[in-house]
Chemist: 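My questions will all concern the structure given below.
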Amino acid sequence: MVEALIALVAVVFGAGATTVYNQQKKNSGSRAAEKKIADAKTKASEIVLKAKDEALKVAEEAKKAEDESRKEIKKAENRVADRQANLDRKLEELDARNEKLRASEDEVDDLKNEIRTIRTKQQEKLEKIAKLSKKDAESHLLKMTERDIKEDMTNLITKLQKDAADDAEERAQMIIVSAMERMSSEVTAERTVTAVKLTDDEMKGRIIGKEGRNIQALQRATGVDILVDDTPGMIVLSSFDPIRRQVARLALEMLMKDGRVHPARIEEVVVKAQKQIDKDIDRAGEDAARECGVVGIPKEMLRLLGELKFRTSYGQNVLKHSTEMAHMAGLIAEEIGADVRVTKTATLLHDVGKAVTHRVEGKHHHIGAELARKYGMNEDIAHAIEAHHDDVEATTPEALVVRVCDALSAARPGARNISAENFVERMRDLENVATSFEGIDKAYAISAGREVRVIVRPETIDDLSAIKLSRDIATKIESTMQYPGTIKVNVIRETRAIEFAK
């Protein structure tokens, strides 16, 4: 291939040289033409030599590439051969393992047949010793068991009949539980004191003032007791009126930020703080109504609703309690077919009387109903507000929903300080009642006290005794404890047989 390429180049340049020669000969036939021909031949020779070198280089590179390709192919063939050998070895191992498994299966079948033969012989011996056949012994055992648990079966049938009659109550519980599961809100314990952090200890002296003039002026303007003790960088505000505490806290923060502390400035700042708190109250009432999707509430009622943001009941924030109730009430009312708008409005405003209990005499639910009537709200709403406690009979479905939601939100574990303590105590009492019986290993109260799981020692309590034990525990719980709803007693007996094959 290289020689052909060189010949081709020589022919091309030879033809070119001949053409030039003939042309020069025709034109002049001078020595200049001959010189040009000689130069052309020289250049042609150089080009031919250069082409030959390039061709040799290309041939060498091609040969190298071919050698590398052959090496790669050889390596690939070696890898394939290794893999084939590994596969063959694994197949041989699998065949050997299958043979062992088949042999083991045959041994297991032989053992099963031997065990069946031994069991049959043992059964025949037992029948001879007891002088009873298997069927007779089974019938005798069933009669004894029936005689022992006849009373329990009677009680169980009675309980099942009662449960069937209480199906409506169970459906109501399911509706309430569904509403509680779909509603989630924060629970925060509130206090009657507020701590204000000072920028430095010098600020504490400036707030006290000369001969206590500044702190006395602040107490007179806010109606809050200001406690200054040895705690560095802290001042405590104490008052049973949370709105006054908020005003005093905001006024103190504004004074510390401004730096000017004197009686005239204190009065000015307290007025500004009062206006700011008033705006916060109005905004809180509007936000609560918007969050619950309740419209058409008079401005005066919204104002009182907003004041509940700063009021608590047993550590539970009253406004959060009301909004939580409104959400649950809407879900329950929709499920049972009650008026959702009336229910949610009454639920949201059910505790609005607590905002004025320090100014108006009477119980908060009566005060709230009178305020609703005063500002022209629907009588169904006023009745539901008034009847959410037991002293007034609830005559409408909406009023009953408000009463149920109030019990759910206020009495659930963790909502109020006292409820949390009672909840823990009730869980402990449940476990103590269960562990008071013999043969019990452990007892756990779960599902918020709606179930108690009792784990017994299997060597002490048999299956029939476990049934009787569950009934005895349930009877003792009914006679010694007070609780809402029902409590499931779950007695667990477990026997494990463990052996090691060597």
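What you see is a predicted model, and the numbers here were worked out from it, not measured in a lab.
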Chemist: Residues in side chain to side chain contact (heavy atoms under 4.5 Å, CB included) with Ala384, at least two apart?
Modeler: Ala346, Ala399, Val402

Chemist: Salt bridge check: are Lys64 and Glu68 linked by an N-O gap of less than 4.0 Å?
Modeler: no

Chemist: Hey, could you give me the CG/CD distance between Leu305 and Glu286, rounded to the nearest 0.5 Å?
Modeler: 10.5 Å

Chemist: Kindly determine whether Lys257 and Glu253 satisfy salt bridge (Lys or Arg N to Asp or Glu O under 4.0 Å), including the steps that lead there.
Modeler: CA-CA 6 Å; Lys257 185 177 181 180; Glu253 292 176 353; over 6 Å; no

Chemist: Could you pull out the closest heavy-atom pair between Leu308 and Asn317, with the gap in Å?
Modeler: O-OD1, 4.0 Å

Chemist: Assess whether a salt bridge exists between Asp67 and Lys63, defined as any Lys/Arg side-chain N lying under 4.0 Å from an Asp/Glu carboxylate O.
Modeler: no

Chemist: Taking all non-hydrogen atoms of both residues into account, name the closest pair between Val454 and Ile473 and its distance.
Modeler: CG2-CD1, 3.9 Å

Chemist: Output yes when Arg426 and Asp429 qualify as a salt bridge under the 4.0 Å nitrogen-oxygen rule, no when they do not.
Modeler: no

Chemist: List the atom of Ala338, the atom of Thr343, and the distance in Å for their closest heavy-atom pair.
Modeler: CB-OG1, 4.3 Å

Chemist: Calculate, to the nearest 0.5 Å, the distance between atoms CD and CG belonging to Glu324 and Asp406 respectively.
Modeler: 10.5 Å

Chemist: Quick test of your reading: applying salt bridge (Lys or Arg N to Asp or Glu O under 4.0 Å), list the pairs with at least one residue in residues 91-107, sequence neighbours left out, ordered by first then second residue.
Modeler: Glu99-Arg102

Chemist: Under 3.5 Å, is there a donor on one side chain and an acceptor on the other for Lys476 and Ser436?
Modeler: yes

Chemist: Cut-off 3.5 Å, no hydrogens considered: what does the side-chain donor-acceptor table look like for residues 71-87, sequence neighbours left out?
Modeler:
| unit_1 | atom_1 | unit_2 | atom_2 | d |
| --- | --- | --- | --- | --- |
| Asn78 | ND2 | Lys74 | O | 3.2 |
| Gln84 | NE2 | Asp88 | OD1 | 3.4 |
| Asn86 | OD1 | Arg89 | NH1 | 3.2 |
| Asn86 | OD1 | Arg89 | NH2 | 2.7 |
| Asn86 | ND2 | Asp82 | O | 3.4 |

Chemist: Minimum heavy-atom separation for His388 and Arg403, please, with both atom names.
Modeler: O-CG, 4.0 Å

Chemist: Using 0.5 Å steps for rounding, measure from the CG atom of Leu302 to the CG atom of Leu348.
Modeler: 8.5 Å

Chemist: So, do Arg428 and Val424 sit near enough that their side-chain heavy atoms are less than 4.5 Å apart?
Modeler: yes

Chemist: Does Glu291 reach the side chain of His327, with side-chain heavy atoms less than 4.5 Å apart?
Modeler: yes

Chemist: May I ask you to test the Thr347-Lys344 pair for a side-chain heavy-atom distance under 4.5 Å?
Modeler: no

Chemist: Is the shortest distance from a Lys or Arg side-chain nitrogen in Asp280 or Arg283 to a carboxylate oxygen in the other one below 4.0 Å?
Modeler: yes

Chemist: Could you grab the distance from atom CD1 of Ile277 to atom CZ of Phe310, nearest 0.5 Å is fine?
Modeler: 4.5 Å

Chemist: side-chain hydrogen bond (donor to acceptor under 3.5 Å, both in side chains) with Glu114: which residues, sequence neighbours excluded?
Modeler: none

Chemist: Do the non-hydrogen side-chain atoms of Ile385 and Asp351 ever get within less than 4.5 Å of each other?
Modeler: no

Chemist: Could you walk me through whether Lys309 and Ile281 satisfy the side-chain contact (heavy atoms from CB on, under 4.5 Å) test, starting with their C-alpha distance in whole Å, then the side-chain angles of each, then the deciding distance to 0.1 Å, before giving a yes or no?
Modeler: CA-CA 7 Å; Lys309 176 183 178 181; Ile281 289 173; over 6 Å; no

Chemist: May I have the step-by-step check of side-chain contact (heavy atoms from CB on, under 4.5 Å) for Ile332 and Cys405, ending in yes or no?
Modeler: CA-CA 9 Å; Ile332 296 175; Cys405 291; 3.9 Å; yes

Chemist: With rounding to the nearest 0.5 angstrom, report the CG to OH distance, Asn490 to Tyr444.
Modeler: 13.5 Å

Chemist: Among Ile487, Ile446, Leu430, which residue satisfies the side chain to side chain contact (heavy atoms under 4.5 Å, CB included) criterion with Glu451?
Modeler: Ile446

Chemist: Assess whether salt bridge (Lys or Arg N to Asp or Glu O under 4.0 Å) is satisfied between Glu66 and Arg70, documenting all intermediate values.
Modeler: CA-CA 6 Å; Glu66 184 179 358; Arg70 288 179 179 177; 2.6 Å; yes

Chemist: Check whether any side-chain heavy atom of Thr460 lies under 4.5 Å from a side-chain heavy atom of Asp441, and answer yes or no.
Modeler: no

Chemist: Can you name the closest pair of heavy atoms from Ala434 and Val452 and give their distance?
Modeler: CB-CG2, 4.2 Å

Chemist: Other residues, nucleotides and ligands only: do more than 12 of their heavy atoms fall within 6.0 Å of CD on Glu431?
Modeler: yes

Chemist: Could you tell me whether Lys50 and Asp53 make a salt bridge, using a distance below 4.0 angstrom between a side-chain N and a carboxylate O?
Modeler: no

Chemist: Specify the closest pair of heavy atoms between Pro458 and Glu494, including all atoms of both residues, with the distance to one decimal.
Modeler: CG-O, 3.2 Å

Chemist: Rounded to the nearest 0.5 Å, what's the gap from CG on Asp287 to CG on Asp282? Could you check?
Modeler: 10.5 Å

Chemist: Quick one: side chain to side chain contact (heavy atoms under 4.5 Å, CB included) partners of Ala474, sequence neighbours excluded?
Modeler: Val489

Chemist: Mind checking what makes side chain to side chain contact (heavy atoms under 4.5 Å, CB included) contact with Ser465, not counting sequence neighbours?
Modeler: Ile461, Asp462

